[in-house]
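Written out below as structure tokens is the structure these notes cover.
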2 protein chains.
Amino acid sequence: MRELTIPESGPKRVLLNAAEQLFAKKGFEAVSVRDVTQFVKMNVAAVNYHFGSREGMLTLAIMHYTLPLNEERIARLESAERKTPGKPLALEEIIDAFVRPIITQNRKTELPEALFYQLLGRIFAANGDGLSQAYEENFRQLSDRFMRALGKALPTIPFDELASRFHFMSGGLIHLLTHRELLGKRAGSPMTMEAILGRFIRFAAAGLREGLAADASVKKGPQATFDF
Amino acid sequence: MRELTIPESGPKRVLLNAAEQLFAKKGFEAVSVRDVTQFVKMNVAAVNYHFGSREGMLTLAIMHYTLPLNEERIARLESAERKTPGKPLALEEIIDAFVRPIITQNRKTELPEALFYQLLGRIFAANGDGLSQAYEENFRQLSDRFMRALGKALPTIPFDELASRFHFMSGGLIHLLTHRELLGKRAGSPMTMEAILGRFIRFAAAGLREGLAADASVKKGPQATFDF
DNA sequence: GTCTATAAAGTGATAGAC
DNA sequence: GTCTATCACTTTATAGAC
């Protein structure tokens with residue numbers, strides 16, 4: 001895994017922090033170099049001096065929190081697997097390993113909580129769009145690793161179908177991160193991420209394991225027909 | 001407000017069609033007026049002449065297919081409700097009314113299939129970001145209408161929890177639209193949208209009804225009607 | 001209605017003074 | 001390392017010729 005050389009403090013850290021906040025708020029395309037420097041009252045040339053280019057700054061902003069996050073996801077998954085070697089994990093444990101690091105990593109950031117979640121959501125949503133080659137490879141490996149665990153936990157569900165369900169689940173996660181504010185709307189104040197993820201784990205687990213009780217062998221009938 | 005005056009043919013239609021394709025491919029922020037006009041070899045000034053501004057063109061592109069789509073969603077939901085008045089709908093019927101119009105509306109468009117789905121996904125994903133005031137109000141009403149139906153179908157699940165699950169489901173739908181190509185990756189060629197939505201309905205229905213008392217014993221009851 | 005020309009502002013990047 | 005000034009473009013929008 002690549003080393004991210006981001007100083008704990010100093011102008012480079014200040015710039016990156018500003019960039020991350022603005023990217024989270026307005027999206028990657030909508031933030032100019034000048035937006036970032038003016039936000040922290042630094043000079044326009046500082047971005048090119050410290051990051052080489054706008055793209056260098058963007059790449060760093062994408063990897064800064066996601067690489068440690070994905071490392072913790074794998075660590076949690078493998079730690080859970082080590083506890084009961086050979087036995088498949090409970091579905092909820094796998095999903096928990098996938099989503100809980102979002103909360104624990106948030107505690108280590110300098111970003112306001114809401115912006116951190118939104119930044120993550122934007123990064124996940126942009127996956128596959130070629131925003132950062134290195135991050136996409138990192139996520140591909142992560143995804144493979146979790147699909148292996150899911151395959152073991154749900155051996156009777158065709159792997160291909162499981163992949164679709166993992167895809168749907170990922171979409172749900174992205175959406176709750178990018179539009180978290182909509183979730184507490186009826187209750188007045190936004191829900192805590194802890195509460196949201198608790199609900200999400202139950203939702204996703206049920207969706208992933210759908211059809212398990214019934215005969216799994218006959219399950220794969222014609223997929224393309226839903227006329228009634 | 002709901003009258004969309006878009007001629008069937010002529011320069012305005014050509015421009016809008018080009019804009020929609022480019023928005024779908026590259027995102028709303030990434031497409032300039034010049035990108036659009038050059039794409040169909042028209043003059044730069046044409047956009048401002050026909051739409052007043054870039055924003056006018058964008059607004060029209062957002063509403064053009066989504067307003068008829070949301071109308072069909074409601075029509076299907078109410079048509080299903082009329083068939084068995086008083087009785088709650090099966091969960092799968094509600095979700096089907098929500099997603100199937102995506103396929104039927106696609107048949108009416110001039111856009112390449114893949115681009116139509118991607119355009120829809122981008123519009124849904126941007127909901128709440130203030131891209132088009134009018135569309136957001138339209139979606140809010142749609143969402144309320146479907147939440148009412150879901151509340152009737154799953155009366156024992158707290159409405160607030162149901163709203164969270166509807167939110168997760170919406171995220172899954174957005175993601176399968178914007179990143180459909182990832183779904184057939186292992187199989188070689190991309191899955192048809194019919195097949196994808198068939199899987200999605202089962203996934204989402206299971207997630208929505210999670211924790212029902214009936215879940216353990218008769219969970220497949222209402223599903224017998226549906227042949228996925 | 002369609003075009004050219006241009007305004008006015010914004011973009012990333014950089015040379016060179018300090 | 002920091003800053004100013006500037007280059008070379010691109011952006012939306014529009015005035016006015018045809």
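- Nucleotide C:dC3 holds its P atom 13 Å from the CD atom of B:Q38, rounded to whole Å.
- Listed by residue number, A:N43, A:A45 are the residues of residues 40-47 of chain A with a heavy-atom contact under 4.0 Å to DNA chain D.
- Between A:N48 atom CG and C:dA15 atom C1' there is a gap of 12 Å when expressed in whole angstrom units.
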Residues B:H167, A:H175; criterion side chain to side chain contact (heavy atoms under 4.5 Å, CB included); working and verdict: CA-CA 8 Å; B:H167 192 72; A:H175 197 52; 3.5 Å; yes
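- A salt bridge does not link B:E92 to B:R202: none of the charged side-chain nitrogens sits closer than 4.0 Å to a carboxylate oxygen.
- For C:dG12, its base sits under 3.5 Å from the side chain of A:R34 at one donor and acceptor pair at least.
- Computed from coordinates, the B:Y49 OH to C:dC3 C1' distance equals 13 Å when rounded to whole Å.
- Around CD of A:E113, the count of heavy atoms belonging to other residues, nucleotides or ligands within 6.0 Å exceeds 12.
- One finds a side-chain N or O of A:S32 lying less than 4.0 angstrom from the OP1 or OP2 phosphate oxygen of C:dT11.
- Salt bridge annotation for A:R140-A:E136: absent, with no cationic side-chain nitrogen under 4.0 angstrom from a carboxylate oxygen.
- In this structure, the CD atom of A:E29 is 16 Å from the C1' atom of C:dG10, given to the nearest Å.
- For B:F51 and C:dT2, the CZ to P distance is 12 Å, given to the nearest whole Å.
- Regarding A:F28, its CZ atom lies at a distance of 19 Å from the C1' atom of C:dG12, rounded to whole Å.
- Taking atom CD on B:E55 and atom C1' on D:dT11, their separation rounds to 15 Å, with Å as the unit.
- To the nearest angstrom, C1' of C:dA13 lies 13 Å from CE of A:M57.
- In B:Q133, the CD atom is not crowded: 12 or fewer heavy atoms of neighbouring residues, nucleotides or ligands sit closer than 6.0 Å.
- Between B:E81 and B:R148, no side-chain nitrogen of the basic residue sits less than 4.0 Å from a carboxylate oxygen of the acidic one, so the salt-bridge criterion is not met.
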